[in-house]
Each structure stands twice: as C-alpha cells, then as structure tokens.
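Heavy-atom basis, side chains included; hydrogens, waters and symmetry copies ignored. Just so we're on the same page: letters track the sequence lines, and every chain starts at 1. Because the structure is a prediction, the values reported are computed rather than measured.
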Amino acid sequence: MAMSKRKRAEYIRYAQYGILLVVVVLVAVLADWGQIQRAFFNVDIAKSMFPSVITVALKNTIIYTALGFGFGLALGLVLALMKLSSVAPYRWIATVYIEFFRGVPALLVFIGIYYGVPIAFQMQFPPLTTVMLALGGVGAAYMAETIRAGIQAVPKGQVEAARSLGMSQSRAMITIVIPQAFRIILPPLTNELILLTKDSSLIYILGLFREQYELTKFGRETLSRSPSLTPILIAGLCYLIITLPLGYLSRYLERRGTSGRKKVSA
Amino acid sequence: MAMSKRKRAEYIRYAQYGILLVVVVLVAVLADWGQIQRAFFNVDIAKSMFPSVITVALKNTIIYTALGFGFGLALGLVLALMKLSSVAPYRWIATVYIEFFRGVPALLVFIGIYYGVPIAFQMQFPPLTTVMLALGGVGAAYMAETIRAGIQAVPKGQVEAARSLGMSQSRAMITIVIPQAFRIILPPLTNELILLTKDSSLIYILGLFREQYELTKFGRETLSRSPSLTPILIAGLCYLIITLPLGYLSRYLERRGTSGRKKVSA
Amino acid sequence: ATPVNQGAGDSGVPLVQSGKLVTCTHLSYKPFQFSEGDKTVGFDVDLVDLVAKDLGVTQQIFDTPFETITSGTSFNANQCDLAAAGMTITDERKQAIDFSDPYFNAEQALLVKKGSNIKALADLKGKKLGVQQDTTGEKYANDNAAANGYTVVQFEDLPLSETAVRTGAVDAVINDNGVLYDYAKEFPDTEVTTEFPTNEKYGIGVKKGNTALLTKINDVLKKAKENGEYDKIYEKWFGKKPTSK
Amino acid sequence: MSDSFVEITGLKKSFGPLEVLKNIDLQVNRGDVVCIIGPSGSGKSTLLRCVNLLEEPNDGKIVVNDVELTHPDVDIDTARTKIGMVFQSFNLFSHLNVLANLTVAQRKVLKRSEEESRRIALHNLDRVGLSDKVHSMPAQLSGGQQQRVAIARALSMDPEVMLFDEPTSALDPELVGDVLGVMRQLADEGMTMLVVTHEMQFAREVADKVIFMDGGYIVEEGPAADVIGNPQEERTQSFLARVLDPTHHGPKDPE
Amino acid sequence: MSDSFVEITGLKKSFGPLEVLKNIDLQVNRGDVVCIIGPSGSGKSTLLRCVNLLEEPNDGKIVVNDVELTHPDVDIDTARTKIGMVFQSFNLFSHLNVLANLTVAQRKVLKRSEEESRRIALHNLDRVGLSDKVHSMPAQLSGGQQQRVAIARALSMDPEVMLFDEPTSALDPELVGDVLGVMRQLADEGMTMLVVTHEMQFAREVADKVIFMDGGYIVEEGPAADVIGNPQEERTQSFLARVLDPTHHGPKDPE
Ligand SMILES: Nc1ncnc2c1ncn2[C@@H]1O[C@H](COP(=O)(O)OP(=O)(O)OP(=O)(O)O)[C@@H](O)[C@H]1O
Ligand SMILES: Nc1ncnc2c1ncn2[C@@H]1O[C@H](COP(=O)(O)OP(=O)(O)OP(=O)(O)O)[C@@H](O)[C@H]1O
Ligand SMILES: [Mg+2]
Ligand SMILES: [Mg+2]
C-alpha cells in the first residue's frame with residue numbers, strides 16, 4: 001500500500017505487455033519457420049488453385065448454402081408455426097423433428113439421407129435437390145427454434161394493443177407480430193446462415209463430381225495432390241469471405257435491434 | 001360474418017386436423033414400408049452393435065467431448081479476458097483467433113491440425129492430445145464469445161455498487177462479476193457442449209485406432225458391412241442420449257436465470 | 001547384440017510405438033481390410049500379421065483418410081510404421097513413400113446394377129461413374145472421361161461408392177477388381193460386367209528412407225510366397241488359389 | 001338500469017387457483033369518469049382488461065352500450081373497436097411510425113380509406129398536441145409523447161368508452177402533466193372513462209366516481225370527495241395515508 | 001471553508017462532446033441534508049457520481065472530510081468506504097443473500113471478522129426494519145425492501161456521508177413511504193446526506209438546503225422554503241409547477 005493505486009495499475013500494465021513479449025518470443029523460437037513457410041504458404045500451389053477455387057468451389061459453396069437456407073427457412077417457418085399450434089399432434093411432430101435434428105451431427109444426417117431417402121421413397125433426387133434437402137433439413141431445426149422464439153419475443157402488449165383496437169388474432173399476427181418478429185430474428189438467422197455455410201463442408205459425403213466440388217472438397221482434393229497446408233488455408237480464407245461479413249452483419253443487426261428496443265422500454 | 005367468431009375458430013380447428021390426417025395418409029401410402037423396415041430397423045445388425053457401441057463408441061464420444069470442452073473452456077476464458085483486456089495486442093490476437101475459428105468449418109480445422117501441427121512444431125502429439133487440441137480449439141472460439149458476453153451482461157450497477165463500497169476493480173470482478181457471469185453463461189455453455197459433442201463426429205479425419213472409434217465412425221464402419229440404415233440410426237440415438245438431456249438442462253437453466261433476473265428488475 | 005532403438009522390437013527395426021507394428025489403412029476395403037465384429041480383418045491384415053510376427057510384435061490398425069497415406073502425411077506425422085491399404089504402386093506415389101515388392105495383382109473393374117446393360121465405358125455416355133477418392137480407379141476414370149462422355153462422381157470411401165450404385169445415385173462404379181467382385185458376391189442385385197487391363201500391383205508402403213523395415217517386409221513376403229503361407233491367406237479371402245504371384 | 005352505459009354484474013376472474021376478482025358489480029353512466037384506486041395486486045388491471053375481454057371472465061355479465069360482451073355469440077372484435085384502451089406501457093406498434101400507428105386499425109378493421117383514416121389520425125394527433133410528430137418512430141418519442149400517441153390511436157377508432165390502466169405511472173414526473181392534461185380535456189368533452197390511477201389529485205378533480213378495490217372486491221365507492229377526502233373503510237384509510245403522505249411513516253414491512 | 005464537510009469547487013464533467021456539468025460549486029456542512037432537484041438530464045446523477053468518483057471529473061476539486069478525492073495519489077478505494085451510495089435501481093448483489101450483501105464488503109474491504117461484520121449487518125438491518133429478511137435473496141424482496149437493504153448495506157461500512165440517487169423513483173407509490181421513513185430517521189440521527197429526489201414533500205420537510213439544477217448548472221439554492229416554496233428563477237418556477245401540479249397543464253411538448 002506504499003504506492004498509490006494509480007502507480008500499481010501502471011506496473012500491472014507493464015507486466016501484461018511483458019508476458020505478451022515472452023510468449024511471442026517463445027513461439028517464434030519453438031516453431032520451425034522455414035518449414036512452416038514451405039508448408040503453409042506455397043505460392044505455386046496457391047496459384048494453381050485459382051481461378052477454380054473461386055469460380056467453382058466458392059460459387060458452389062454459396063449455391064448449396066443458399067439452397068439449403070431457402071428450403072430450411074420455409075420448413076423452419078412451418079415447424080415454428082406447428083410448434084405454436086393449438087393442435088397437439090402438430091406440436092409433437094415439430095418437437096420430435098427439431099430435437100432430433102438439433103441433437104445429431106450433420107454428418108450423420110447426411111449419411112442417413114444418402115442411404116435412407118432413396119431406399120425409403122424408391123426415388124433418386126437430382127444432386128442439387130439432395131443437397132438442398134440435407135442442408136435445409138438440418139438448418140430447418142435451428143431456424144424453427146429461432147422463428148418460434150422470435151414470435152414469442154414480441155412483447156405481449158403489442159398483441160393486446162392490436163386486439164384492443166379490434167384486430168382478430170390472425171390479423172394481429174400478420175400485421176403486428178410477424179413484422180416485429182422478423183426484426184428480432186434477423187441476427188440469429190444470419191448466424192444460422194453462417195452455420196449452414198460451414199455445414200456445407202460435409203456434403204462431400206453425398207458424392208460430388210468435379211464441377212460440384214465445394215470449398216472443403218476442393219481443398220482436400222488439392223491437398224491430396226500436394227502435401228502442403230496451402231490448399232486448406234486458401235479454402236479457409238474463402239470461407240471467411242462469406243462468414244466474416246455475415247458475422248459483422250449479424251452483430252450490427254443485433255446492436256441496432258437492442259438499442260431500438262431499449263429506447264422503447266425506457 | 002354470418003357465423004360468430006367462436007364457430008369460425010372451431011371450423012379452423014377441424015380443418016387443421018384434416019390437413020394433418022391427409023398428410024399422414026399420403027406419407028403412409030407413398031413410402032415403401034416393407035423396404036423401410038428392412039432398411040432402417042434390422043434387428044440382427046442392431047444386436048451386433050452392442051455392447052461395443054456403448055462401451056467403446058459412446059464412451060469415446062463422451063471422452064473426446066469432455067477433453068475438448070475442458071481445454072476449450074480454459075482457452076476460451078483466456079481469450080475472453082484477452083478480448084476485454086486494455087492491452088490492444090491481446091484484443092487483436094483474441095479477435096483474430098475467434099473470428100477465424102468461428103468462420104471456418106470444423107472439418108477444415110481438423111484437417112489443418114492433422115497436417116499442420118506436426119509440420120509446424122516438428123512434434124507428434126499423442127492421439128488424445130490431438131483430439132483435445134482440435135475439438136477444444138474450435139470450441140474455445142465459441143466459448144470465448146460466450147464468456148465475454150456473460151461478463152458484459154452483468155449489470156453495470158453491480159460493479160458500481162461494489163466499487164462504491166470500496167472494492168477495487170479486480171476485487172469486484174472476482175467477488176461480484178464472475179459469479180454472476182457464470183450463472184448467465186451456463187445455458188449457452190451447455191449449448192456449446194452440445195455443439196462440441198456433434199463436432200466430435202468429425203475427428204475420424206485425424207485417423208483413429210479401432211479402440212478410438214467414436215459414434216459416427218463406428219456407425220459408418222458397421223454400415224459399410226451391411227448397407228442398412230440401422231447403424232446410423234443407432235449412432236444417432238446414442239448422440240441423443242447425450243444431447244437431449246443437455247438441451248433440456250440448458251433450457252431449464254435459461255428459464256431459471258431469466259425468471260430470477262426478471263424478479264430483480266421488477 | 002543389435003542396438004536397442006527407441007521403440008524397437010527385438011529385431012532392430014525402429015517402430016513408432018514400442019511393441020506394436022502400426023498399420024495405416026483406409027477402411028473399408030473389403031476383402032483387403034474391413035471390420036468384422038470388433039476386429040479389423042482381411043487379406044492385407046493377415047499379410048502384415050506375418051511381418052508383425054516376424055518382428056515379435058502385434059499389429060495395430062490405424063484408420064486414416066486415404067489421401068493422407070498416398071501423400072506420405074501419415075508417415076511424416078509418425079502415425080504408423082507401414083501402410084497396407086490395397087494400394088497400387090504408382091510413380092506418383094513413389095515420390096511420397098517407398099513401396100515393398102508387389103504382393104497382389106489387380107485390374108480395374110466396373111460394378112453396375114444387374115441388368116443395366118453397361119458393359120464398357122462407352123456405355124456410360126451421359127451417365128455418372130462413381131470413383132473412390134485418390135485411387136487408381138479414379139485416375140483411370142478421369143483419363144478416359146473425355147473419350148467416353150461420362151461424369152466422374154467422387155466418394156470418400158469404397159462402401160459409399162458401392163452403395164451409390166445400388167441406390168442409383170451413380171450408374172456404375174470403378175475400382176479394383178478384388179473388392180468389386182467381393183461386393184457383387186454379397187449383393188446379387190449388382191454385378192461386375194467388365195475389367196480393364198491396367199496391370200496394377202499392390203505394394204506395402206513405408207516412410208521414405210525406412211529401408212530397415214522395407215527389407216524386413218520384402219523378406220517376409222518372399223518367405224511367405226515360398227512356404228505356401230501366402231497361398232493359404234489368398235485362398236482364405238478370395239476362395240481360390242492365386243494364378244500368379 | 002338502462003341508463004348505465006357500462007354495466008358489470010357478478011364478475012369473477014381467477015388465474016388458476018388465484019381468485020383475482022371475487023364478485024364485482026359496477027355501473028358507469030354515459031359521460032362519467034370513474035377512477036379506480038387500490039393497492040398493487042388488488043385486481044384493478046384485471047377488472048379493466050375484463051371490460052374489453054382481454055381477459056375472459058370466469059363468471060358474470062359485462063354489458064357495454066347494450067351489447068352483452070360476455071354472450072358467446074357476440075363478435076368481440078367488432079365490439080372492441082368501440083372500447084378504447086390505453087396501457088401503462090403505451091404499447092405503440094414499434095415497427096410503425098406515429099401516423100401508421102393511428103391508421104393501421106382504422107384501415108384493416110374499420111375498412112376506412114387511406115385518406116379518411118389519415119384525416120382522422122391527424123385530427124386526433126392535434127387533439128393530443130403532437131401534430132409535429134406524424135412521421136416519428138415510437139422509439140424517438142419521450143414516454144409522455146408515446147402515451148399521448150397511444151391515446152390518439154385509441155380515439156381514432158371513435159370509441160364510446162375509454163379504459164386507462166395507470167397511463168402515467170411509467171412516466172417521468174414532469175411528463176405526467178401532459179398526459180393528465182389530455183385526459184382531463186377528454187373528460188371535459190364528455191367521454192365515458194374508466195381510469196386506474198395513483199394520481200389522487202386527478203381523481204379528486206376529474207372523477208365523477210372513485211372506486212377503491214382491495215383483494216378482488218370493491219371496498220368503497222362514491223364521489224371523490226367522499227372516498228378520497230373522507231374514507232369510511234379502514235383499508236381505504238390506511239391505503240390513502242400511505243399514498244398521500246409517504247414521509248410520515250417509519251420503516252414498516254408492508255407484508 | 002473548513003467547516004464544510006463536502007466541498008466541491010469548479011467541478012466540470014463532459015461525456016465526449018456533451019458537457020453535463022459546467023461549473024459546479026457546492027458546500028455541505030456536517031450533518032446537513034441537501035436535496036438536489038431538477039429536470040431529467042440536468043446532471044443531478046452525474047454530480048452525485050462525481051462525489052465518490054464513479055465518474056472521473058474533467059476539472060475541479062472535490063474534498064470530503066478534508067480528503068481531496070481528486071488528488072492523483074489518493075487511495076480512492078479507501079476513500080469510498082467513507083461515502084455510502086444508494087442507487088435508484090438498488091443494485092443489491094443478486095447472487096448473495098441479504099446478510100452476505102451486508103457483510104461482503106465489510107470483510108473483503110474493511111477486513112472485519114466474520115462475527116463483527118455479521119453483528120454490524122444485523123444492527124443495520126434492524127435500523128431499516130428488515131431483521132426478518134436476513135436470509136432472503138434479493139429477488140425475493142419487494143422493491144422497497146431491496147432499497148432498504150441497500151441503505152443498510154451502505155450504513156454497514158460506517159460512512160461519513162450518504163449519497164442517494166432518486167432512491168424511491170423505481171418503487172410502487174405505496175412502498176415509497178418506507179424508504180423515505182428510513183431516510184428521515186437517518187437525517188434525524190445527524191447523517192450528512194446528499195439526496196437527488198423528486199419527492200418535494202420530503203425535500204420540504206427534511207432538507208437543510210435544496211439545490212435546483214438545470215443544464216449542468218446550479219440555478220438556485222437555499223432553504224427548502226425558499227427554493228420550493230418561493231422560487232426566484234423562472235426555470236425553477238416552471239419546473240416546480242409541472243412537478244407539483246401536473247393536472248393543470250394542457251398538452252404541451254416538453255422538448
Ligand atoms: N395473466 C395472469 N396470470 C396469473 N396471474 C395474474 C395474471 N394477471 C394478473 N395476475 C395476478 O392477479 C393479481 C391482480 O393483478 P392485477 O394486475 O389486476 O393487479 P393491479 O391491481 O392492477 O396491481 P398493480 O397496481 O400492480 O398494477 C396479481 O396477484 C397478479 O399477480
Ligand atoms: N456514461 C455516460 N455517457 C454518456 N452520456 C451520459 C452518461 N451518463 C450520463 N450521460 C448524459 O449526461 C446527461 C446528464 O445525465 P444525468 O444522469 O446526470 O441526469 P439526471 O439529472 O440525473 O437525469 P435523470 O433525472 O433522468 O436521472 C444526460 O444527457 C445523459 O444522457
Ligand atoms: Mg395493474
Ligand atoms: Mg439521474
């Protein structure tokens with residue numbers, strides 16, 4: 001207690017920078033940098049991946065994700081309304097679906113779809129349809145919960161105000177609740193779009209031809225020809241091209257939403 | 001408008017049940033039930049999976065998940081504190097780590113670790129360590145965000161009250177903020193445990209001995225001997241043994257937390 | 001006495017794990033290596049067991065993606081001592097790993113649904129041909145794709161591609177004759193309609209420069225072929241005697 | 001009987017095991033202002049919400065302007081358009097601007113034309129002194145402004161009776177006056193009003209009748225001068241003492 | 001000079017470009033109760049929070065009991081133990097029960113023993129009339145009870161001055177009295193107090209000095225009878241008119 005709090009705070013700050021320095025030096029010494037450079041940033045391999053990694057792989061990742069998201073959103077909305085329904089069997093079906101698909105790894109679901117759908121229904125879907133069913137089926141479970149929560153998060157007072165003005169239950173739902181729920185669910189929905197983008201890395205299990213490769217498959221394929229980490233790194237960066245902006249969008253929407261709602265309740 | 005609202009509501013209800021009935025009948029007719037039974041519920045195959053599916057696969061899934069969660073939680077706490085640090089480089093490092101691992105599919109990360117770690121550090125970790133690094137590394141990014149948000153979600157008034165009683169910043173953090181943050185982050189942390197359980201289905205990519213098989217790998221192996229969906233279904237159910245109770249726990253904790261906090265602010 | 005290396009058996013061959021001969025493979029590749037109950041069995045497994053016996057250690061199977069074997073990554077990461085995965089010796093792979101003497105002759109073959117009337121690559125015009133990732137079959141299929149006008153669909157492992165034939169996701173699958181005949185035997189709704197004379201030979205892979213182990217493997221293979229053990233194993237898994245060695 | 005505009009007889013309401021309204025009888029004449037006071041949890045809000053059937057009564061009869069709302073065949077949506085309700089928490093539609101808040105129900109429920117509903121909306125915004133806020137979003141308004149918009153929104157439906165549930169208790173003290181001013185003006189214009197409030201001065205000056213509720217019953221009712229100025233019941237006296245003269249109490253646990 | 005117990009000179013505080021306190025001078029004598037009134041946003045809370053350095057002033061000097069808080073070498077944590085603060089939102093530690101709320105700072109900061117801190121806690125709980133709530137969690141208490149626990153928590157540190165920031169404005173009207181009663185009792189016992197409040201009756205009866213703030217300045221100060229009963233400044237007059245007599249205003253936009 002001989003030194004004032006302000007001085008102590010200053011010393012703590014120096015200590016923090018010191019630790020950082022030590023760690024940086026340690027990592028620098030321990031790692032084999034020449035080897036890392038060769039292994040991670042092989043310029044020739046990187047060059048050989050362009051432009052296909054963009055024109056084929058990234059494009060396909062986006063297409064698959066978009067298809068899955070569209071189908072998942074539609075199915076998710078249906079499931080959400082089923083879960084809020086007054087008809088008990090609807091609620092049960094929705095609950096079983098949601099719980100199952102949220103509790104089981106996507107890879108297992110994809111394998112199940114790969115084996116199960118053709119056997120059960122004796123039909124073969126076109127590849128894009130299968131991708132859409134697989135990704136959308138998994139995404140729907142998440143989106144259903146998001147949509148349901150969004151609808152329930154609209155303050156009860158909003159419905160009460162609408163009904164006290166003479167609106168029917170369904171009119172209030174359409175005019176007042178859904179538009180407000182949509183604003184609430186936009187940020188989590190964006191997050192689910194990110195999850196879906198990442199899950200699209202698993203559809204290699206459905207069997208793909210070269211023009212159908214998405215980023216992960218493309219990266220692995222290049223990797224098997226040239227054991228350097230470069231293809232994986234480039235594939236990873238391509239994912240970030242999609243997911244980083246979506247992440248920022250989601251947080252921006254969330255911030256805007258919260259501040260908006262805070263003002264209302266203040 | 002000839003009929004009263006109550007009568008109309010009744011008719012709508014009947015219509016809903018009617019649609020349900022039609023859908024159920026359609027599915028029943030369209031699907032090839034004999035084929036489905038053979039394909040999905042082959043009792044012999046199911047029997048052949050026990051007890052290994054429990055004693056080896058489920059057990060390994062739990063071990064891997066627990067290891068990954070433990071390591072991820074520790075690393076996540078460090079990253080969260082780095083992100084809240086006043087030292088800018090700490091914040092940058094944490095941000096880059098978190099954004100990267102949240103934006104890239106786990107499968108790609110696992111491949112990267114499989115190839116990258118031995119090359120970069122010229123050492124070979126024991127298999128369980130690799131699994132721990134891979135799962136925990138991915139989980140840490142999510143947990144860091146959760147922990148950071150939890151710490152920031154503790155109302156500012158709590159710190160102000162603590163400080164106005166003479167507590168220092170770090171004393172207030174330890175005595176007041178962290179205990180309250182822990183209660184806030186328990187539900188999302190439980191959800192991340194579920195995500196990690198599912199991500200453990202991808203560690204087959206790291207290469208496994210038979211005694212190391214987890215549920216998905218085990219299911220796929222059984223599947224390759226007997227193209228019936230039964231192994232996938234059983235593996236899926238085993239995942240649900242873990243994930244369903246965790247899901248309920250998470251929602252229970254969340255409900256308890258919210259109602260507690262609501263009362264305080266009322 | 002021989003110097004005791006780290007993790008060595010009593011033979012002086014250095015091993016990744018002491019007392020164990022760790023075999024990298026990619027499951028399932030029936031009948032070369034596949035799961036039966038709680039064990040991994042097969043032709044390759046039995047052959048490598050001979051090596052293990054000779055070294056006085058036990059074999060342990062490590063299942064890893066096929067591309068990590070052919071690219072040498074598994075060896076570089078010290079995950080296993082050798083790789084026995086029904087793997088054809090190719091010049092490309094020789095650059096990444098060393099191969100033993102050949103131990104099995106293989107050709108490429110075509111598996112289709114029974115009654116599909118696909119008897120040659122030319123019959124696949126406008127259709128889909130399944131392949132397994134990083135196999136010689138994939139290479140063969142790609143090399144002949146332009147001439148025959150089919151699309152190549154890639155799968156991560158053999159069972160996925162075989163199932164794709166049965167579910168109709170692809171019209172045919174190309175892979176080594178040994179595994180496809182085995183599958184057609186088990187699933188009579190499929191058949192092998194043709195073979196392509198590619199004249200391939202399987203070899204056991206080791207890390208580049210691991211001559212100690214390579215010599216040992218070659219010795220054991222030679223001995224087995226001479227004393228009839230190889231024929232016994234061959235008959236066990238293929239139901240007939242080998243035509244050539 | 002027939003000259004009372006709102007008529008409640010034998011009203012009972014429970015939430016599960018909790019009996020909130022035990023047996024309520026109440027008449028309100030056309031043009032009267034009735035203020036309802038009472039401690040927290042006594043059932044004031046529930047009573048008000050029963051009057052436009054936001055809560056379904058368990059028993060009893062509610063008649064508003066000769067329409068029996070509790071009859072099973074009544075079209076409650078239409079009936080509600082005649083009953084304006086103002087909530088403690090304003091409940092403006094947060095995704096719509098002020099004008100849309102005032103017109104949406106006119107157009108969707110009363111099927112008024114765009115111009116007509118707009119004209120009526122502007123007129124009522126003028127009545128509450130907020131003509132300049134037509135295009136603001138609710139989040140941009142102060143609490144007092146939001147509440148006045150809510151009143152204007154209810155008025156735009158041309159209600160025959162207005163229900164107010166603690167319309168000023170979520171407001172900063174200096175914003176209370178604006179809202180009470182609007183309500184006083186409405187009362188002067190002859191609107192029939194039921195007002196749950198803690199503003200004793202308003203009740204005293206504006207109410208034709210004051211009702212004191214406690215424990216699900218109406219304990220005392222009559223002119224403001226009687227119920228507030230000279231309460232007969234012990235429970236009314238102690239409630240008023242706490243509310244009107246808060247500083248003259250030592251610490252005492254209210255439970 | 002030296003007989004004033006709290007002494008603020010030339011205090012300035014900005015949040016970014018927003019100047020909240022523009023130049024505040026204030027003396028409070030030992031044992032005095034000073035009430036601070038003024039419209040929302042005038043800087044009342046900020047002034048109070050500057051007094052125990054929850055906000056760091058941009059300029060000016062704050063001396064409490066001869067300790068200059070604004071001196072760079074002062075141990076602010078120790079100084080704060082002598083200044084009790086009560087917040088509008090109570091801010092009880094929600095994960096600790098009532099007793100632990102009262103003892104945690106005594107033990108961790110003042111290093112009192114378990115028994116001693118417990119004894120002091122129970123004594124102060126008794127002062128605020130909540131001896132029977134020792135083991136309750138904050139969430140189980142009413143707002144009024146929580147606020148009284150918060151006062152007891154501050155008192156347990158044996159403060160020399162107490163700061164109250166609108167201690168009753170988050171409470172139901174009938175619970176206000178209990179809290180004001182405790183504060184009145186504290187004042188009677190001779191505690192030096194700075195109170196931001198909207199309770200004019202309390203200010204009138206208890207305050208030795210009333211301060212009216214607006215726009216970051218002290219506009220008027222003096223005995224309650226003067227500032228509230230007979231305000232000189234136009235701004236004070238209009239503020240008091242709105243607060244004291246809310247019903248006699250027509251609709252008028254306060255902005
Ligand atoms: N939807 C509901 N479900 C269960 N209980 C309810 C519900 N609405 C109100 N209650 C309970 O009914 C009782 C009366 O509530 P009500 O809101 O009518 O009281 P109040 O007199 O308006 O009180 P306040 O002055 O606090 O608004 C309370 O105990 C409340 O908890
Ligand atoms: N931490 C902060 N950051 C930015 N602005 C702030 C902060 N705290 C207060 N302000 C602003 O400073 C001004 C004065 O705030 P203050 O809380 O002191 O007012 P007040 O007189 O206490 O008002 P009220 O009666 O509403 O509590 C307000 O405009 C407020 O928005
Ligand atoms: Mg109420
Ligand atoms: Mg304030």
Side-chain angles (χ1 to χ4, degrees), chain A residues 5 9 13 16-17 20 24 30-32 35-36 38-40 85-87 89-90 93 99-100 102-109 111-112 115-116 119-122 168-170 194 197-202 204 215-216 219-220 223 227-229 232-233 235-237 239-240 242-244 246-247, chain B residues 5 9 12-13 16-17 20 24 30-32 35-36 38-40 85-87 89-90 93 99-100 102-109 111-112 115-116 119-122 168-170 194 197-202 215-216 219-220 223 227-229 232-233 235-237 239-240 242-244 246-247:
Chain A
K5 300 261 159 169
R13 233 182 135 78
Q16 286 181 309
Y17 275 104
L20 181 65
V24 166
L30 273 183
D32 179 341
Q35 182 74 4
I36 286 178
R38 275 190 305 282
F40 286 69
S85 159
S86 58
V87 181
Y90 282 133
I93 294 172
E99 295 294 324
F100 184 85
R102 295 210 309 174
V104 169
L107 185 69
L108 211 61
V109 172
I111 295 176
Y115 277 90
I119 296 175
F121 294 97
Q122 293 295 306
S168 68
Q169 184 67 44
S170 48
I194 296 176
T197 308
K198 298 199 286 171
D199 278 346
S200 75
S201 67
L202 302 178
Y204 70 85
L215 283 168
T216 300
R220 285 180 72 181
L223 182 69
S228 145
L229 216 57
I232 296 302
L233 205 71
L237 293 177
Y239 278 106
L240 292 179
I242 312 174
T243 54
L244 275 191
L246 285 178
Chain B
K5 300 259 158 169
I12 290 174
R13 231 182 138 78
Q16 286 181 309
Y17 276 103
L20 180 66
V24 167
L30 273 184
D32 180 340
Q35 183 74 5
I36 287 178
R38 275 190 306 281
F40 286 68
S85 158
S86 57
V87 181
Y90 281 133
I93 294 172
E99 295 294 324
F100 184 84
R102 294 210 312 173
V104 169
L107 186 70
L108 210 62
V109 172
I111 295 175
Y115 280 88
I119 298 174
F121 294 96
Q122 291 294 306
S168 68
Q169 185 66 44
S170 49
I194 295 176
T197 307
K198 298 199 287 172
D199 278 346
S200 74
S201 68
L202 302 177
L215 282 168
T216 299
R220 284 180 73 177
L223 183 69
S228 145
L229 217 56
I232 297 302
L233 206 70
L237 292 178
Y239 278 106
L240 292 180
I242 312 174
T243 54
L244 275 191
L246 285 178

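Ranked by non-hydrogen atom pairs under 4.5 Å with chain B, the options Thr197(A), Ile111(A), Ile242(A) are led by Ile111(A). Your options are Ser86(B), Gly219(B), Ala106(B), and the one with the most heavy-atom pairs under 4.5 Å with chain A is Ser86(B).
Looking at Ile93(A), only its side chain comes within 4.5 Å of chain B, counting heavy atoms on both sides. Using a 4.5 Å cut-off between heavy atoms, Leu233(A) makes no contact with chain B at all. With a 4.5 angstrom heavy-atom cutoff, Leu244(A) touches chain B only via side-chain atoms. With a 4.5 angstrom heavy-atom cutoff, Arg220(A) touches chain B only via side-chain atoms. Looking at Ile194(A), the atoms closer than 4.5 Å to chain B (heavy atoms on both sides) all sit in the side chain, from C-beta outward. Interface remark: Leu107(B) contributes side-chain atoms only to the contact with chain A (heavy atom separation under 4.5 Å).
Contact detail for Tyr90(A) and Leu20(B): the closest heavy-atom pair is OH-N, 3.2 Å. The minimum heavy-atom distance linking Thr216(B) with Pro105(A) is given by the pair OG1-CG, 4.3 Å.
Residues passing the side chain to side chain donor-acceptor pair (under 3.5 Å) test with Ser201(B), sequence neighbours excluded: none. Listed by chain and number, the residues in a side chain to side chain donor-acceptor pair (under 3.5 Å) with Gln169(A) are Arg163(A) (sequence neighbours excluded).
At a threshold of 4.5 Å between non-hydrogen side-chain atoms, the residues Val109(A) and Leu202(A) do not count as touching.
Panel note: side chain Lys198(B), backbone Tyr239(B); no donor-acceptor pair is recorded below 3.5 Å.
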